[in-house]
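Right, one structure below, let's go through it.
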Amino acid sequence: MHNLKEIRKNYENFKKALQKRFIDIDFDELANLDKNNRELIQKKENLEKEKKDISKSKDKSLFEKSKQISLSIDKITEEQNTIKDKLEKILSNIPNIPHSDVPVGKDENDNVEVSKSGKIPEFDFKPLSHYELGEKLKMLDFDLATKTTGSRFVFVKNKLALLERALSNFMLDTHITKNGYEEISPPLFASDNTMFGTGQLPKFENDQFEIKLEKGSDRKFLIPTAEVILTNMVKDKIVDKKTLPLRFVASTPCFRKEAGSYGKDTKGMIRQHQFYKVELVSIVENTKCLEELERMTNCATDILDLLELPYRKMILCSGDMGFSAEKTYDIEVWLPSENRYREISSCSSCSTFQGVRMKSRYKDENKETLFVGTLNGSGLAVGRTLIAILENYQEKDGSINIPKVLRPYMNNLEKITLN
RNA sequence: GGAGAGAUGGCUGAGCGGUUGAAAGCACCGGUCUUGAAAACCGGCAAAGGGGCAACUCUUUCCUGGGUUCGAAUCCCAGUCUCUCCGCCA
């Protein structure tokens, strides 16, 4: 969310910066509401002052007047609240401003490749897709999941289940011991205002799984990513500047409706309603966002380097970035069966956008209260990493070699074979 | 599911109708002392919003929403959340 005070200072710049997003916002409405709002606030405050003075004076002859003032205040407050609600509604639906580094573009076709790494494997046979491999091994069972649950779920069995667990642990260990992240095992439910804090609500409610609870209680949602719950650890807080940067890592299931992606990636486990992801979150001073973004992205690619998987790093264009992001790098891993790169990690700086929504602040040297910067990134999406290993490490007979760094996590298993 | 207790500043915690935005302690910042550090002592220290180039100033805020009152952190009602005990349970 944007700070109205900042917008007001440089209204035209704000407008221009957001045009990069290609979205439709009624800026004039916003400016008008803001103006009306402030006028009403002034009116109200004057009356409040008058009333306060009467009360302080304890002059009985003025008590009746004070009552009248109260009525006027009520009326103005009501009017002001209506305007304030409208204002906040508009404001909470405006996405973050793209950083100047971000290329302008409409959609994913305008994303720009930053670098490439690793060696694309060559096969002297036609490489199979992960789901063909998994089903051949009898270790991925989509039909069973359909029977017990529905579409876009999967049973991962046997050695592939072990591989999945190994990946999670390997990533966690790397981020904890090498990259300085603190491990968190968080709740997988988030309240509605937590969802608001990171930007999933109000605009993207349709993408979320809401939990059905007794009526009267707060709304709760299954987390679509650990970003939500980890970032909100500093919600409504003034954090001690000395503790910054805070770096958290968690491996959690993520739940997504994938509304609007009907018919997309229906085969296999690329796009599921539930998947494991190791998530990185940083809470930083507002000036350190971009620096931290580079660091975080390196933490993510580090995992791919260690797993010896080929990948490329993309910078997302303005039109393809998420709602809360000011700058995003996507890491895409090579998938032989598709003969192309697919997203396996997305690292974003959200500047103070989420900080404002969450009311997360810190004090700087001259005791000014500032909003924190927040970043999040996958380090990595475990399900998709599993896919990448299946496809890149496959042999002609359908067996899968285990990357060296994972073997200690798998009882030194070197290869997954049928039986 | 049954019975109680509570929700106050970064934290702990007093206040229970009128300069209380809120005692005290801790933490934090500045200073004195010290070779340095610690201790001790002195001083400072809430947030949000409005107005002002600024110095500054005004308003709001003691869980949330209503109510009583000239005036509410303090009284009344409703709700949410937390904790303790009993029962049940991974």
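In what follows, every heavy atom counts, from backbone to side chain, and hydrogens, waters and symmetry copies are set aside. Numbers restart at 1 for each chain; the letters A, B, ... are given by sequence-line order, proteins then strands.
Computed from coordinates, the A/K49 NZ to B/G51 C1' distance equals 14 Å when rounded to whole Å. Here the P atom of nucleotide B/C63 and the CG atom of A/D236 are 14 Å apart, to the nearest Å. Spacing between atom CD of A/Q42 and atom C1' of B/U59 amounts to 11 Å, rounded to whole angstrom units. Spacing between atom CG of A/N36 and atom P of B/G50 amounts to 14 Å, rounded to whole angstrom units. The separation between A/E48 atom CD and B/A72 atom P is 11 Å, rounded to whole Å. Rounded to whole Å, the distance from NZ on A/K35 to P on B/G51 is 12 Å. If you take CG of A/N46 and P of B/U57, they are 17 Å apart, rounded to a whole angstrom. Rounded to an integer number of Å, the gap from A/I69 CD1 to B/U59 P is 13 Å.
For B/C58, the OP1/OP2 oxygens have no side-chain nitrogen or oxygen of A/R38 closer than 4.0 Å. Between A/R361 and the phosphate of B/A48, there is a side-chain N or O to OP1/OP2 separation shorter than 4.0 Å. Contact annotation: A/K5 side-chain N/O to B/G49 OP1/OP2 distance is under 4.0 Å. At B/G10, none of the side-chain N or O atoms of A/K237 fall inside 4.0 Å of OP1 or OP2 (strictly under the cut-off). A close approach under 4.0 Å does not occur between any side-chain nitrogen or oxygen of A/K52 and OP1 or OP2 of B/G18.
Among pairs with a residue in residues 277-293 of chain A, those fulfilling side chain to side chain donor-acceptor pair (under 3.5 Å) read A/T225-A/K277, A/R247-A/E292, A/K277-A/E279, A/S282-A/E292, A/N286-A/Y362, at least two apart in sequence or across chains.
For A/F155 and A/F142, the distance between ring centers is not under 6.0 angstrom.
Place A/K58 and A/R8 on RNA chain B by their nearest nucleotides, and A/K58 ends up nearer the 5' end. Checking A/F63 against A/D53, the closest nucleotide of RNA chain B that is more toward the 5' end is the one next to A/D53.
Look at the P atom in both B/G9 and B/A23: the space between them is 13 Å, to the nearest Å. Using C1' as the reference atom, B/G31 and B/U20 are 30 Å apart when rounded to the nearest Å. Between B/G17 and B/G67, the distance separating the two C1' atoms is 15 Å to the nearest Å. For the P atom pair drawn from B/A72 and B/A54, the interatomic distance equals 33 Å after rounding to whole Å. Distance noted for atom P between B/G10 and B/A48: 10 Å (whole Å). Here, B/G21 and B/U8 have their C1' atoms 11 Å apart, quoted to the whole Å. B/C16 and B/G6 have their P atoms separated by 15 Å, given to the nearest Å. Comparing B/C33 with B/C26, their P atoms sit 23 Å apart, to the nearest whole Å.
If you run side-chain hydrogen bond (donor to acceptor under 3.5 Å, both in side chains) between A/N96 and each of A/S349, A/S351, A/S324, only A/S351 comes through. Tested against A/K5, the residues A/K9, A/R8, A/H2 include a single side chain to side chain contact (heavy atoms under 4.5 Å, CB included) partner, A/R8. For the side-chain hydrogen bond (donor to acceptor under 3.5 Å, both in side chains) test with A/D265, the passing option among A/Q272, A/R271, A/R152 is A/R271; the others fail.
Residue contacts for A/S66: at a heavy-atom cut-off of 4.0 Å it reaches the sugar-phosphate backbone alone, with no base atom in range. Across all strands shown, A/K51 has heavy atoms under 4.0 Å from sugar-phosphate atoms exclusively, and none from any base. Nucleic acid contact class of A/S57 (heavy atoms, under 4.0 Å, all strands): none. Within 4.0 Å (heavy atoms only), A/I238 reaches sugar-phosphate atoms of the nucleic acid but no base atom.
With sequence neighbours excluded, no residue forms a ring-ring contact (aromatic ring centres under 6.0 Å, His included) with A/F22.
Between A/E205 and A/R219 there is a salt bridge, since a side-chain N of the basic residue sits under 4.0 Å from a carboxylate O of the acidic one.
You'll find a donor-acceptor pair under 3.5 Å spanning the side chain of A/E45 and the base of B/G49, going by distance alone.
Picking from B/G18, B/A48, B/G10 the nucleotide with the shortest atom distance to the side chain of A/T369 gives B/A48. Distances from the side chain of A/K242 to the nucleotides B/G50, B/C28, B/C70 place B/C28 closest. Nearest to the side-chain atoms of A/N3 among the listed nucleotides B/G49, B/G18, B/U59 stands B/G49.
Summarising the local packing, CZ of A/R165 is surrounded by 12 or fewer heavy atoms from other residues, nucleotides or ligands at distances under 6.0 Å.
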Structure string for RNA chain B in dot-bracket form, Watson-Crick and G-U at under 3.5 Å, | interchain: ((((((((.[[[..)..(.....]]].(((((.......))))).((((((....)))))).[[[[[..)....]]]]])))))))....

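Both tests do not hold together for A/R256 against A/F209: distance to the six-membered ring centre under 6.0 Å, angle to the ring axis within 45°.
A/E132 and A/S129 share a side-chain donor-acceptor pair at under 3.5 Å.
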